[in-house]
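Here is the naming used below: chain letters follow the sequence lines, and residue numbers restart at 1 for every chain.
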Amino acid sequence: MLEIAVLRTNAESVKQRLAVKNFKEMNLVDEVLAVDENRRNIQKQLDDNLARQNAIAKEIGDLFKQGKKDEAEQRKQETALLKEDSKNLEAELSKLEYEQRDILVRIPNLPSASVPKGNSPEENEVVKQAGEIPALSESALPHWDLAKKYDLFDLELGVKITGAGFPVYKGKGAKLQRALISFFLDNAIEAGYTEVIPPHIVNEDSAFGTGQLPDKEGQMYHIGLDKFYMIPTAEVPVTNIVRDEILDEKKLPLKFAAYSPCFRREAGSYGKDVRGLNRVHQFDKVEIVQVVHPDRSYSVLEEMAAHVEGLLKKLELPYRILRLCGGDMSFASALTYDFEVYSTAQKRWLEVSSVSNFETFQSNRMKVRFRDENKKTRLVHTLNGSALALPRIVASLLENHQTENGIRIPAALKPYTGFDFIV
RNA sequence: GGAAAGAUGCCGGAGUGGUCGAACGGGACGGUCUCGAAAACCGUUAUACUCGCAAGGGUAUCGAGGGUUCGAAUCCCUCUCUUUCCGCCA
């Protein structure tokens, strides 16, 4: 959620930047400003009214103390009209407050200055490409066939138990999952992150805080009876750790890493896009989250991106880093780097991580502040990134490292799997 | 699931209709003292909205929402949560 004060003072430049994101409902900016002006007007009237009521109440109290009962009784009548007015003004005010928020939450975050214009994924900027794309033989298999060959995971079995997109990992396939999770967590801890194990189900306030509600409601599994949501990413419970907090500036940055399963309903597309592990409803992910001083969020973003890159290097996977264009960025992000690994058998890039700076977009919703040197409260910046999401890493790992002797496990992962080949 | 008690500021804890944004204690911060520290003493110590160039005002908030009243932390209703006991249980 953008800060209303920013809109108030820079409406035109806000619109220019929203245009980079191809924001279509530019009229919302003017609408919210109109509501805001109205709201402040009503607020002033209400406050003045209440101030008068308070003053009269105090006088009545004094009169009673002096024993002037008749006079006091008379004064009581003065407030009747004021009370009636206040009631109406209060109703009007809360209506306007609701309206203002309702509009505000529909305006996306402003893209940072370095975000390229563009509408589609093709217009994302390739910042870097590295790692060797192995030359595989014609008989190289896509990961879903490898999974069958080595009995690593079973999607049909998941269909029986739950439905499409809920894989059952087995044997070395299961061990590989566990190994990757530990590997990612250990790397994060080494980089100074504090490991947390959050709830996998959150309430509405938390889902709202990170921006999943209201606009991504359909993407989450909803537990209607209790008004809970299954988390689509650990970002939600972890970032909400600091919701409604005023943090000590000296304690910044806060760095959290969390493993969690992730649940996504997303109505998928068809065919190759969703084959195998390319897109599933339940998957495992290690997420890193930072809560930082606003002056440092962009250098932290680079630091987090470097962390993710380090993981991909250790896994010996060919990858590339994209700076997302305005049209491809998420609603809440100010700048996003996507990481993709090359799936050799499928001959395409698969997104495995997204590292974003949200600036104050989330903290404004969640009211996460810190006290600066002048003792003023200011909103923090929040960032997060996948480090990493497992299914496509597994897909790429299986495909890129397949050999005639089985699937080779990268050296960095061996201590975690306990085996160096899947045969 | 059954029963009881409770929810007040950074923490502990008082306050049961009027001057209470809230006693008192602790903590933290600033100052005096000191070579420095401790102790002692003095002072400061909520958030949000809003008016104002500013100084400085106004309003709201004592778990949440509603109600009674000229006036509510204090009375009434609803909800949520916490603690303890019992039951059940990985």
> Hey, do the aromatic rings of A:Phe361 and A:Phe331 have their centres closer than 6.0 Å?
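Yes, they do, as the ring centres are separated by less than 6.0 Å.
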> Quick one: side chain to side chain donor-acceptor pair (under 3.5 Å) partners of A:Glu3, sequence neighbours excluded?
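Side chain to side chain donor-acceptor pair (under 3.5 Å) check on A:Glu3 returns A:Thr360.
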> Could I get a table of every N or O pair under 3.5 Å where one atom is in the protein and the other is in nucleotides 18-20 of chain B?
unit_1, atom_1, unit_2, atom_2, d
B:G18, N2, A:Ala57, O, 2.8
B:U19, O4, A:Lys65, NZ, 2.2

> Kindly write out the residues that satisfy side chain to side chain donor-acceptor pair (under 3.5 Å) with A:Lys44, not counting sequence neighbours, or none if the list is empty.
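With neighbours one apart ignored, the set is A:Asp48.
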> Scan every strand shown for a Watson-Crick or G-U wobble partner of B:C89, both distances under 3.5 Å, and answer none if you come up empty.
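Result: none.
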> Only pairs with both distances under 3.5 Å count, Watson-Crick or wobble alike; so what is the partner of B:G71 in this structure?
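The answer is none; no pair meets the criterion.
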> Would you list the pairs meeting salt bridge (charged side-chain N to carboxylate O under 4.0 Å, His left out) in which at least one residue belongs to residues 80-92 of chain A, sequence neighbours left out?
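Sorted pair list comes back empty.
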> Could I get the full list of salt bridge (charged side-chain N to carboxylate O under 4.0 Å, His left out) partners for A:Arg408, not counting sequence neighbours?
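For A:Arg408, the residues satisfying salt bridge (charged side-chain N to carboxylate O under 4.0 Å, His left out) (neighbours in sequence not counted) are A:Glu316.
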> Starting at CG of A:Asn49 and ending at P of B:C70, how long is that distance when rounded to a whole Å?
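About 16 Å, once rounded to whole Å.
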> Distance check, C1' atoms only: B:A14 and B:C62, in whole angstrom units.
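After rounding to an integer number of Å, I get 13 Å for this pair.
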> Could you please name the partner base of B:G65, counting Watson-Crick and G-U wobble pairs only when both distances are under 3.5 Å?
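Looking at the geometry, B:G65 pairs with B:C77.
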> Between B:G18 and B:G31, how far apart are the C1' atoms? Round to whole Å, please.
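Their C1' atoms lie roughly 38 Å apart.
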> P atom, B:C11 versus B:U69: distance in rounded Å?
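Rounded to whole Å, the distance is 35 Å.
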> Between B:U59 and B:G21, how far apart are the C1' atoms? Round to whole Å, please.
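It comes out at 13 Å once rounded to the nearest Å.
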> With C1' as the reference atom in both, quote the distance from B:U44 to B:C10 in angstrom, rounded to an integer.
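Rounded to whole Å, the distance is 14 Å.
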> Find the distance A:Phe228:CZ to B:U80:P and express it as a whole number of Å.
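About 12 Å, once rounded to whole Å.
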> Would you measure the distance from the P atom in B:C75 across to the matching atom in B:C49 and give it in whole Å?
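About 32 Å, rounded to a whole number of Å.
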> Run the ring-ring contact (aromatic ring centres under 6.0 Å, His included) test against A:Phe64 and tell me which residues pass, sequence neighbours left out.
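Partners of A:Phe64 under the ring-ring contact (aromatic ring centres under 6.0 Å, His included) test: none.
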> Are the charged groups of A:Lys149 and A:Asp145 less than 4.0 angstrom apart, N to O?
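Between A:Asp145 and A:Lys149 there is no salt bridge, as every charged N stays at least 4.0 Å from the carboxylate O atoms.
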> Can you check the A:Glu78 CD to B:U69 P distance for me, whole Å?
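After rounding, the reported distance stands at 18 Å.
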> Using atom types as modelled, flag every donor-acceptor pair under 3.5 Å from a side chain in residues 298-308 of chain A to any protein atom, sequence neighbours excluded.
unit_1, atom_1, unit_2, atom_2, d
A:Tyr298, OH, A:Glu359, OE2, 2.4
A:Ser299, OG, A:Arg296, O, 3.1
A:Glu302, OE2, A:Tyr337, OH, 2.7
A:Glu303, OE2, A:Lys255, NZ, 3.3
A:Glu303, OE2, A:Gln290, NE2, 3.1

> Quick one: what's the B/S/- string for nucleotides 44-66 of chain B, heavy-atom cutoff under 4.0 Å, read 5' to 3'?
--SSSSSS------BSS------
> Taking atom C1' in both B:C79 and B:U84, compute the distance separating them and give it to the nearest angstrom.
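One C1' to the other, the span is 22 Å.
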> Can you tell me the base-pairing partner of B:A54? Count Watson-Crick or G-U wobble geometry only, both distances below 3.5 Å, and say none if there is no partner.
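Base-paired to nothing in any strand shown.
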> Mind checking salt bridge (charged side-chain N to carboxylate O under 4.0 Å, His left out) for A:Asp284 and listing every partner two or more places apart, or none if nothing turns up?
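Listed in chain order: nothing, the list is empty.
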> Sequence neighbours excluded, which residues qualify as side chain to side chain donor-acceptor pair (under 3.5 Å) partners of A:Asp248?
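For A:Asp248, no residue satisfies side chain to side chain donor-acceptor pair (under 3.5 Å) once neighbours in sequence are set aside.
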> When you check the gap from the basic side-chain N to the acidic O, do A:Asp151 and A:Lys170 get nearer than 4.0 Å?
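Looking at A:Lys170 together with A:Asp151, the answer is yes, because their closest N to O distance falls below 4.0 Å.
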> Show me the donor-acceptor pairs within less than 3.5 Å that the side chains of residues 180-192 of chain A make with the rest of the protein, sequence neighbours left out.
unit_1, atom_1, unit_2, atom_2, d
A:Ser182, OG, A:Arg178, O, 3.3
A:Asp186, OD2, A:Tyr416, OH, 2.8
A:Asn187, OD1, A:Lys314, NZ, 2.6
A:Asn187, ND2, A:Phe183, O, 2.8

> Between B:U80 atom P and A:Asp205 atom CG, what is the distance in whole Å?
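Distance, rounded to whole Å: 15 Å.
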> So what's B:A40 paired with, Watson-Crick or G-U wobble, going by both distances under 3.5 Å?
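The answer is B:U32, by the H-bond criterion.
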> Classify the angle between the aromatic ring planes of A:Phe166 and A:Tyr221 as parallel (below 30°), tilted (30 to 60°) or perpendicular (above 60°).
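A:Phe166 and A:Tyr221: tilted rings.
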> Can you tell me, in whole Å, how much space there is between the P of B:G17 and that of B:A72?
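Nearest-Å result for B:G17 against B:A72 at atom P: 14 Å.
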> Provide a list of protein-nucleic acid N or O atom pairs under 3.5 angstrom, restricted to nucleotides 73-76 of chain B.
none

> Does B:U83 have a Watson-Crick or wobble partner in any strand here, with both distances under 3.5 angstrom, and which is it?
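B:U83 is paired, partner B:A4.
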> With both distances kept under 3.5 Å, what pairs with B:C20, Watson-Crick or G-U wobble?
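Per the H-bond distance test, none.
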> Provide the Watson-Crick or G-U wobble partner of B:U45, both distances under 3.5 Å; none if there is no partner.
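B:G27 is the nucleotide pairing with B:U45.
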